[in-house]
Amino acid sequence: MLNPIDTTTVIRNGGATGRFPDEIHPAAAWWTAACFVVTSRARSIVVAHDGKPATAPFFDRACLGAINAQHYACHVLDLGTADENTLLTAMKETGGVPGMRITTTGDTATITLYDHHGTPLTEDTGLALIRLMIAEDRVPIPVNHGCKGRIQPYTEAIR
């Protein structure tokens, strides 16, 4: 794994959080999202961000990680800039799919992962397995191009 992270430090509190570029970097967003799709067995997820320029590379990589997770062909619904309540509402409107929100504050990036109930992941609901997968360099990759998912604006998906 190029540029590994300290998974014990970064994968915690409902997702991944750390100072960038020291503790976390955009590739970690890919790894986290890909592992999240596999551990939650998600065919679709709703993804949002805080709209800050520093968040963009983390958001972009997370979306790519999600659509490239093994054979899941995950459909990423890009909610764009949205607060937590808007994300949770969108997750319910799409049938209770998992979600992810990416934010930055100063030099800290946070990727919050939500289960299909809208609750941030805990150690028992997937966080421990995601941490282990990344630590052991078992980040899922697509099996072939036909298994790759797609990214679609949320507003187009709910029409």
Side-chain angles (χ1 to χ4, degrees), residues 1-72 74-88 90-91 96-143 148-149 151:
M1 177 180 296
L2 296 175
N3 203 4
I5 60 171
D6 178 352
T7 56
T8 303
T9 301
V10 174
I11 309 297
R12 58 187 169 86
N13 299 334
T17 190
R19 288 185 327 277
F20 60 91
D22 301 333
E23 294 175 333
I24 194 170
H25 47 79
W30 174 301
W31 306 334
T32 302
C35 292
F36 178 52
V37 166
V38 171
T39 58
S40 63
R41 299 178 180 197
R43 297 290 178 189
S44 295
I45 62 171
V46 180
V47 183
H49 59 85
D50 63 8
K52 295 178 184 172
T55 305
F58 291 92
F59 179 79
D60 293 342
R61 291 287 181 93
C63 290
L64 291 173
I67 66 169
N68 280 290
Q70 285 180 341
H71 59 278
Y72 285 87
C74 186
H75 184 194
V76 173
L77 302 172
D78 177 355
L79 190 58
T81 303
D83 62 18
E84 182 181 46
N85 289 334
T86 303
L87 172 64
L88 296 175
M91 290 166 56
V97 301
M100 180 173 16
R101 184 161 186 268
I102 303 167
T103 60
T104 54
T105 304
D107 66 348
T108 300
T110 301
I111 303 163
T112 306
L113 307 171
Y114 300 87
D115 66 17
H116 65 281
H117 297 296
T119 305
L121 288 191
T122 65
E123 291 297 307
D124 296 333
T125 61
L127 214 51
L129 184 53
I130 291 170
R131 182 183 309 106
L132 181 66
M133 291 171 73
I134 295 171
E136 293 181 351
D137 197 14
R138 293 188 295 128
V139 174
I141 58 172
V143 224
K148 187 175 183 177
I151 302 168

d(T103 OG1, E84 CD) to nearest 0.5 Å is 10.0 Å

One should read off an interatomic distance between I24 CD1 and D107 CG, to the nearest 0.5 angstrom, of 11.5 Å

- Message: Donor-acceptor pair, distance only, cut-off 3.5 Å: does the side chain of T119 make one with the backbone of D115?
- Response: no

Between I45 and A66 the two heavy atoms that sit nearest each other are CD1-CB, 3.8 Å

Report task. Check whether any side-chain heavy atom of I5 lies under 4.5 Å from a side-chain heavy atom of T7, and answer yes or no. Result -> yes

Heavy-atom nearest pair, G14 first then P120, reads CA-CB, 4.2 Å

Review point. If we only count heavy atoms from C-beta on, is the Y114 to V46 side-chain gap below 4.5 Å?
Key: no

Scanning both residues in full, the closest heavy-atom pair of G51 with T81 reads CA-OG1, 3.5 Å

Note: A34 and A69 closest approach over all heavy atoms is O-CB, 3.6 Å

Using modelled atom types and a 3.5 Å cut-off, is there a donor and acceptor pairing between side-chain atoms of T32 and backbone atoms of A28? yes

Heavy atoms of A54 and F20 approach each other most closely as CB-CZ, 3.9 Å

* Asked: Can you find a side-chain donor-acceptor pair between T108 and T105 that sits under 3.5 Å?
  -> no

R19 meets the salt bridge (charged side-chain N to carboxylate O under 4.0 Å, His left out) criterion, sequence neighbours left out, with E23

Test side-chain contact (heavy atoms from CB on, under 4.5 Å), reference R101, set V47, D50, I111, output is D50

Notebook entry, point to check: So, T17 side chain and A109 main chain: donor-acceptor pair closer than 3.5 Å or not?
Noted result: yes

message = Could you check whether any side-chain heavy atom of C63 comes within less than 4.5 Å of a side-chain heavy atom of D78, counting everything from C-beta outward?
response = no

Value for CE (M133) from CD1 (I11), rounded to nearest 0.5 Å, stands at 11.5 Å

In short, I130 meets L113 closest at the heavy-atom pair CD1-CD1, 3.8 Å

Separation between CD1 (I141) and CH2 (W31), nearest 0.5 Å, reads 14.0 Å

Output for pair (H75 NE2, R43 CZ), nearest 0.5 Å, gives 13.5 Å

Residues passing the salt bridge (charged side-chain N to carboxylate O under 4.0 Å, His left out) test with R131, sequence neighbours excluded, are E123

Measure the shortest side-chain to side-chain distance between T122 and L127 over non-hydrogen atoms and say whether it is less than 4.5 angstrom. no

Between the CZ atom in F59 and the CG atom in L64, the distance rounded to the nearest 0.5 Å is 10.0 Å

